[in-house]
A.B. asks: 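Please find one structure pasted underneath; my questions will follow.
Numbering of residues begins at 1 and proceeds along the displayed sequence.
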Amino acid sequence: MVYIKSATQISAQLPLSETWMTEPLTLEGAYLRSQDPAFREWLNPMESRRLGKLLKRALVTAMEAMTKTGVTQPDAIITGTGLGCIENTEVLLNQMCREGDDTLKPTNFMQSTHNTISSLIAINSHCHGYNCTYSHKSVSFESALLDAFLQLHLGDISTALVTGNDEMTPSYFSILQRAGYLGQPGQVPATEASVAMMLSSGADSALCELQDIQLTSHLLPHTPHSHTPDAILIGTNGSEANDSVYELAVASIIGDMLSPPIPLLHYKHLFGEGYCSSALGVYAAAHIVSKGEAPAFMRCDGHSEPLPVSRLLIINHSDGNCFSYITLQTTK
């Protein structure tokens, strides 16, 4: 079995905190950067100046996830990121356009690659084990999570630090807005995400069990079984193109087996939209299952009371042609 032992976040909500479950911040505007903690509490001034924002967020969330579990050297470090350190990439390319390639600063080049994130965490934690980065648009985090899930099930490793990290620069947001992908009327804000989770084969003090994860290129059909989830968490964001796919996905997996239907929950009105938003969805789901209930403001049915949840299915998709199905359940 595979368990999520800890889960931390830096996002548009208060960082490294679960206060969003009782006092969520209201997201306003089309574009929001993450709320950063005081990095000096974890990083010395020299290291903090040297690292870009995304790397600092990734490192701090990873350190917090490890501290909460006491696992200082996980057997594997696996990261999902859609864009990597795009802010450093932009700085490098802009400098190249202005000044040519003779006087480029090496730091921006070294920090511009996608696998810099996992490498930095490994260097800081002195981990010499399995280290991998997945970059598959909006299912990047799920790809990393699936890798860890399989290795833990096979017994190749006993602990894995799985992270999802993405930033949204003003210039990249402008491109997505002009393309109609984000920043449209009625949509949730475009945001950033840094999430770290410690996975383990041991159940002691776990938030929840990661029971199943599937990545498919098609909608998963309904298969009758006795383990019906208490709720389904979906990533609707106010875009018709995005949300209509979730309607099809839910209808496909539920079929006509239930009356009343399984309650639906949503989370992007709390955390916004980005390539690693699904990491925040899994993070939120883990704490919901651990607590045993979902806040009323996450319900899609308009009810004003919390929803009891001990088993939760999370559905995500990337452009309607790649789907992830993740099932979490309580250990109590």
A.B. asks: side-chain contact (heavy atoms from CB on, under 4.5 Å) between Leu280 and Thr191: does it pass, once the steps are laid out?
C.D. replies: CA-CA 11 Å; Leu280 288 164; Thr191 56; 5.6 Å; no
A.B. asks: Does either side chain, that of Tyr130 or that of Asp147, offer a donor lying less than 3.5 Å from an acceptor on the other one?
C.D. replies: yes
A.B. asks: So does Glu305 pair up with Arg299, basic N to acidic O under 4.0 Å?
C.D. replies: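 Yes.
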A.B. asks: So, Gln177 side chain and Gly183 main chain: donor-acceptor pair closer than 3.5 Å or not?
C.D. replies: yes
A.B. asks: Any heavy-atom pair between the side chains of Leu265 and Ile234 that's under 4.5 Å?
C.D. replies: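 Of all side-chain heavy-atom pairs linking Leu265 with Ile234, none is under 4.5 Å.
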A.B. asks: Classify the ring geometry between Tyr283 and Phe271 as parallel (under 30°), tilted (30 to 60°) or perpendicular (over 60°).
C.D. replies: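 Tyr283 vs Phe271 ring planes: perpendicular.
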A.B. asks: Hey, is the main chain of Thr327 close enough, under 3.5 Å, to the side chain of Glu209 for a donor-acceptor pair?
C.D. replies: no
A.B. asks: Does any pair with a residue in residues 169-198 pass salt bridge (charged side-chain N to carboxylate O under 4.0 Å, His left out), and if so which ones, sequence neighbours excluded?
C.D. replies: Arg33-Glu192, Arg57-Glu192
A.B. asks: Can a donor-acceptor pair be found between the side chains of Thr81 and Thr79 at a distance below 3.5 Å?
C.D. replies: no
A.B. asks: Strictly by modelled atom types, are Tyr325 and Asn316 linked by a side-chain donor-acceptor pair under 3.5 Å?
C.D. replies: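 Judged by distance alone, the side chains do not pair up.
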A.B. asks: Where do Lys291 and Val309 land on the side-chain contact (heavy atoms from CB on, under 4.5 Å) test, with the steps shown first?
C.D. replies: CA-CA 8 Å; Lys291 187 178 180 181; Val309 176; over 6 Å; no
A.B. asks: Is there a side-chain contact between Leu182 and Met168 (heavy atoms, below 4.5 Å)?
C.D. replies: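 Leu182 vs Met168: side chains touch.
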A.B. asks: Looking only at the side chains, is there a donor atom on one of Glu64 and Thr8 sitting less than 3.5 Å from an acceptor on the other?
C.D. replies: no
